[in-house]
Structure formats: C-alpha cells, structure tokens
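Beneath this line is the structure, given in structure tokens, with notes to follow.
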Amino acid sequence: MAASHTSEAKPQFDQTAPLRRIHVLLPLPLASAYDYAIPPQSEGSELIEIGDFVAVPLGRRKVTGVVWGEGSADPDNAVAASRLRPIAQRLPAPAMAEVTRRFVEWLADYTCAAPGAALRMTMSVPTALEPPRPRLAYVLAGPAPARMTGARQRVLAVLADGQAMPTATIAKLAAVSTAVVRGLVKHGTLHEVQLPAELPVPEPDWQKAGETLSDDQSAAAAALRAKVEGGGYSTTLLDGVTGAGKTEVYLEAVAAALAQGRQVLVLVPEIGLTAQWLERFERRFGAAPLAWHSDLGAARRRLTWRAVAQGRARVVVGARSALFLPYTDLGLIVVDEEHDAAFKQEDGVIYHARDMAVLRASLGEIPIVLVSATPSLESRVNVETHRYESLHLPNRIGTAELPQIEAVDMRGEAPPGSQWLSETLITAIKETLEAGEQVLLFLNRRGYAPLTLCRTCGHRLQCPHCTAWLVEHRFHGRLQCHHCGFNLRRPQACPECEAEGTLVACGPGVERLGEEVDALFPDVPRMLIASDTVRGPEAAAEAIRQIAEGEVSLIIGTQIVAKGHHFPMLTLVGVIDGDLGLQGGDLRAAERTYQMLHQVAGRAGRAQRPGRALLQTYMPEHPVMKALVSGERDSFMAQERRAREFQGLPPFGRLVALIISGQNEAQVIDTARELGRAAPRQQDVEILGPAPAPLSLLRGRFRQRLLLKCPRNANASALARTWVNLVNVPQQVRVAIDVDPYSFL
Ligand code: ADP
Ligand code: ZN
C-alpha cells in the first residue's frame, strides 16, 4: 500500500548519515501511506515501532498518523532521501495493535474506501493521543462566604454531598457563571482537588452468579462458553424468540471472556437501547461497562478511548463506531439485534457493522455471537452453508407466552377521515387500560403529518434541497425536511397560489395520532416517544424507565420504542400502519417489515400477563402479514430465500451501488453516463443504470445511481474499484461506492 509519495520536500537533517525510513498512514482520504524519515541522531529514534502514533509534517500542517511499516525496499518506488522529511515526534499513546491495523486495511479493501479514511475511524478522538492533563475539581471545604447570594447558595447546594466537580460542571448544575464559582474558590469556601487523570474503570465481577438458567438457556450458554474458552474464530447465531432470555445467555459468554482477562465488545443498533442494557449488565456483574456512542461528551470520549487502549476497559457497549476503538486484547464480540438495518453506515466510509464485526473477529481469531429473534436472511444462509453455527431458544422465559397477533383488515374498518384507529383497536385499548395494563401504539413516522398540501391548487410543500416532502411538526410549529434538516414556520398562505388558510395536513405522524388518542382517552397518562421528542440517551433512558415502571398507560412511538426493551406491564401493541414499510423498491422490504413488526409485537406480554398485537393493514393476505399472524417465521423466510435465490439477489449474488452526486446536474449525468460506458463487460456481471436516484436531489446535490450485480463468489469490491478507476471523475463530482447496499434511495 505504501508507495512513492512525499509531502513536499525540505530536508531538515544531515543527509550524509544513514537514516531510517518509515511509512506513515495518515487519517486522510489519500491513496496510500507516505514516506518519512527518522533521523538517526534524533533522540529515541530506535524506539519508534510499527503501530506508533506520530506527528508528521504535511505541507505546512502537522498531522498525526500511524507508523504503518518500514521504508520502501524498492529504490524505484521510494522518495529520494533528499526529499524525505523527518517525523516531528512520537506521541505518548499506546501503539495501535497489529490486528487493528490489519482491520483498517481489510475494511478499506472491502468497502473500496481509502485506507486513510478507514484509519480515521480508529482515530476519532485526536485529543486521546495527547498526554493526560491534570483535571482540576472543587469541593466544599472552607467557611461559608460572608455575603451569601442566591447564586452562591445554589453552588453550595450542588456541592453539598461532598462530591468534587470541575468548574464548568458546577456552573452548569447551579445555573451560575463560572465567575461565581471562582469567587467562592478565592474566598476559601471551595478547595481545589485533583481528579485522577485517567478514567477509573470499575472491574466487573465475572464470578457473580446470574439467573438460574432454563435447560435451553444452559445448553446455549455452555456452547458459547466453550467457544470463548476454546479460543479461535467462530461465528454463532443465537436465534431465539423475543423474551427467550438470549441476553442472559450471552452474558455467560461475556463472563467467560472476562474470566480470561480479555475485553468484550457488545454492539447494539441504537444508543437508545444502551441505557437498559447498562443497568442490566451492572446488576449482573456489579459494575457498569463503558458506553460508546456519538452523544458522549468530549472529555468522556477521550477518557474512554484511552481506557480501551490501555486495556483497562473490560466491556464496551456501543453503536457501530465502537468497533473502531483500539482494543488491546479483544476476546469476544456480541452483535445484538443483528438483523437491524441501523448497523449499516451510509455516510463516509460505507460499511455494515455486523459484517465488519465478523471480519474483525476473524482477524482477531476470536468468537463472535450474532443475536436476534428475527435473523437476517444473510445470517440464516450462512448457517445453512455451515459458515456460521447456530443456537436456538424456542420459548419465552418462565410462563410468558408469545403474543397473539391478529390482523385488522382496514378495508372493512377504515375510520373516517383524519382518524387512524379502527374500532377493533379502540375496543382492545379500552379493555387493556381497564385491566390496568399498558398499550403501545406503533407508527414509524415522526412529526404530525408527512405531507402538507394546498386544498385550492394542489401544491405540495417540498424541501428546496431534497426530493422530499416537508414533514409538519406541530409541536414546534414547523415544517421540516427529514433528510437535510431544512425547516420553516408553517405558512399561513399557500406559497404557490397564495390562498389563505388552504394548507391541509395529509396522513398520520405520531403527533397527530396523539391528538386522536387524547380525544378518545382524555384522562389516560400517555407518552409520545420519537427521536425528536426524546433527545439524547439520558432522556431516552428516563422515558424507558417511566414506561417500565408503569408511570404511563399509553405509549405512542416510532421504532425507537420497538426494539429490545422489556416492559412488564405492556400487554397490547397496536400497529397503526402495518403496510408502511412494504412500499418502495427495496429488495429487503418484506424481510424488514416482518422483522420490525415482529419486534414491536414482541414487546407485548413479556412478563406474567399474556400479550396481544393488532396489525392494521390493507393487505391482510400479504405474505408478511400472514406470517406474522400465523407465527410461521421459518416458512416465510424460506419463501423470501427462494425469491432471492431465483433472482440472484443477496445473499445469493452480490450488489455494489455507485452513487454519483454533485451540484451541477449536467456534470453528474455526464459522469454517470461515462461510468455506464466504462462498466465491466463480463458475462456474469450485470449493470443497471445509470438512472436518477429515487432521492434525485439530496442536500442540494443531484444524484444518479448505477448498480452492479455479480455472482456470490465474485470479488465485487475489486470489480467496483477497477471500474471507478477507469473514469476521470471531475473534482466537483463525488462517486460513492456502496458495497452490499441496504438503501436504494
Ligand atoms: P431476550 O434477550 O431473548 O429478548 P432477555 O434476556 O431480555 O430476553 O430476557 C427476558 C426477561 O427474562 C428479562 O427480564 C430477563 O431478566 C428475564 N430472564 C432471562 N432469563 C431468565 C432466567 N433464567 N430466570 C429468570 N428470569 C430470566
Ligand atoms: Zn431537505
């Protein structure tokens, strides 16, 4: 990968002495690693090793990279010694492990990304490479100030329990300026103390006993323990109905890895899921694991990254980016809800975290466990072909039964305009509430209404930057684009025909469903949960707690409440629009809808009381609805499998999508056409497109798509890379390569 590149020459050391030459990979989208020199007389030069983090000059900048290898042996392929620049310094951070470096290379190769772009994902916390800084904090220690103010009083109250906190935290909690805090320090009321420079990480107690496992659970747990204890790479699919006790089972494998002194990574699809998981883990092992997600504050990210790199962090739970932390001795990976599409990263380096986790496990020669109640077709076929092993938990824990699922045929029961609840569902809600139990109404649509149009001229309110309607959010009084965030105040007049008061909301969103529910059940405490009403993991955790403890009776939510949670009082799930996910040309539409609705229905009746789910649908005869009602998951998946195999679609064939985008439409079309002409012409390779993407305008960029389809055993990444390299892409046009696409928009 390293080749003859230089970063503008200006020799800065004695050229007559022999020098050591190294490749440094920089976290930038460059084609390869760059050569640098380590001058022999520089202090500690012989100590620099492969994997070390180093600062190097690049043009006029200083950049941090990783020593990727020893210098080029091939003299033709090397930067002349006279043009080589020396590294600036070695950074005081643990070196990047070999397995992480190989992971970066493999990932870049598979996803057709630049190695530097893949490297950047492992270096997401630049400050973590700097030496630890002393962290100052303050405690209440001295006499109270002579002059007491409201602000000062609040500071004293915040610190009353003896906790030491940094100035900024005190100021935030007490709602005062930092000057108030500093004033109290000067006065002697607060004393300075040093917090530990590194994050203290409590040790989970792997010897602590868990629940007494059922026979099925014990057998599965023993098999997983054996995988961990035996060592080596393996992928095991843990397939069991919702509420079967799968988590309890894989926690046994976690205990086994901890017993060996190794690190564990648990990937979950959404950060909203981590809170309940953290609590559960803490109950099981007596110490909380470290959470990793995009919402962590800068200081916490830094400390967590370092704790992982130092091997002090034992268990990390997080969203997909947790895969790129610098583990020193990772011994087990668990991917919970492995079927979930949220594991696919769609921006920047486009990758599927589940698949890359399997790659990471094989490179690290460790076991990985994929967990789901509705495994993906990909994983099921891998079990069939013996690439993966499988373990099965067919029953719910204890006396809990799977919920009874019924379809409500909306063709006979459609409610009047602007209402979405059928009589059948309303009756069931009443019965459930009267019995003192909880109801979840599921509608996977944020906001009030997905479309606003003018009654007079038919104009639809669209995003100016995207091929998308503006979604009304009545709570904020705005219309918003769910793709780019563009928003405006809901206008009084139609922007097209200027008629006043003619704009009408079309279709339901959760806010609108809330209105309908409030009219029907005015005195019932209810909660609305969507990613824009519950912001951040703490708010989500609090909402989940309120539901779990029965503080609300009726929950209206999008998919963020649908997954993984355990709500003992919840016995009725109503799906408002079961057909929603079936629209559009996604090859996985049926599979995904099945998985989603099965998950949602699975929230009902997880404890003593039996659960029930009602699916409102206009297509009760659709295979997805029939499979949900009959509970015949395996025959539904077998049918999906046959259809995919017949069409040569994944996992029986490979797909790579090219997304060509830019602000100049003609240029985008030209580039797409040229790519079309340069497409590989091989018998077993099929090219679809170019054609405008369904989202033909996104964030102000025009988009065209091409799709390559090839046999399963073909090297799809190599085909795509060679193909794209044949075409001269103008600077302003971007060609994104999506290997194994999950989105076709
Ligand atoms: P899944 O992950 O398969 O949906 P969980 O592991 O969350 O299921 O288990 C469902 C519920 O049953 C949880 O509240 C869990 O604590 C409880 N549970 C699991 N296994 C046992 C067991 N062997 N004995 C008692 N309770 C259990
Ligand atoms: Zn937009």
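The chain is numbered in sequence order, starting from 1. Small disclaimer: the values here were computed from a predicted structure and weren't measured. Whatever order the structure lists ligands and atoms in, that order sets their numbers, starting from 1.
Between the side chain of E229 and the main chain of A256, no donor-acceptor pair closer than 3.5 Å is present. A donor-acceptor pair is defined here as one N or O able to donate and one able to accept, closer than 3.5 Å; no such pair exists between the side chain of R262 and the backbone of L332.
Residue contacts to the Zn ion (ligand 2): C481 brings an N, O or S atom closer than 2.8 Å. Because the distance cut-off is set at 2.8 Å, H465 fails to qualify as a neighbour of the Zn ion (ligand 2), as none of its N, O or S atoms comes that close.
The protein heavy atom nearest to atom 4 (O) of ligand 1 is G243 N, 2.9 Å. What sits closest to atom 20 (N) of ligand 1 on the protein, heavy atoms only, is Q217 NE2, 2.9 Å. Looking only at heavy atoms of the protein, atom 25 (C) of ligand 1 is closest to E211 OE1, 3.4 Å. Nearest non-hydrogen protein atom to atom 11 (C) of ligand 1 is H566 CE1, 3.7 Å. For atom 27 (C) of ligand 1, the nearest protein heavy atom (residue, atom name, distance) is I397 CG2, 3.8 Å. Shortest contact from atom 2 (O) of ligand 1 to any protein heavy atom: T247 OG1, 2.8 Å. The protein atom (non-hydrogen) at minimum distance from atom 10 (C) of ligand 1 is R606 NH2, 3.8 Å.
A salt bridge links D634 and R380; the closest N-O separation between the charged side-chain nitrogens and carboxylate oxygens is under 4.0 Å. Between E632 and K626 there is no salt bridge, since none of the side-chain N atoms of the basic residue sits less than 4.0 Å from a carboxylate O of the acidic one.
Between T242 and ligand 1, not a single N/O pair is under 3.5 Å apart. Backbone and side-chain nitrogen or oxygen atoms of G245 are examined, and one is located within less than 3.5 angstrom of a nitrogen or oxygen of ligand 1.
For ligand 1, the atoms sitting less than 4.0 Å from at least one non-hydrogen atom of L213 are 23 (N), numbered in the order shown with element in parentheses. Residue T212 has at least one heavy-atom neighbour below 4.0 Å for each of these atoms of ligand 1: 22 (C), 23 (N), 24 (N).
In this structure, R280 counts as a contact residue of ligand 1, since one of its heavy atoms falls inside 4.0 Å of the ligand. Residue contacts with ligand 1 do not include G240, since none of its heavy atoms lies under 4.0 Å from the ligand.
A pairwise comparison of heavy atoms in V629 and A407 identifies CG2-N, 3.7 Å as the closest pair. The two atoms that bring A287 and P202 nearest to each other are CB-CB, 3.8 Å, heavy atoms only.
Ring planes of F343 and H352: tilted class, angle from 30 to 60°. Between H476 and H473, the two ring planes are tilted [angle within 30° to 60°].
Distance check: L745 CG to C466 SG gives 11.5 Å after rounding to the nearest 0.5 Å.
Taking the Zn ion (ligand 2) as the corner point, the angle from C463 atom SG to C466 atom SG is about 110° (rounded to 10 degrees).
For the pair R588 and Y742, the distance from NZ or CZ to the six-membered ring centre is under 6.0 Å and the angle to the ring normal is within 45 degrees.
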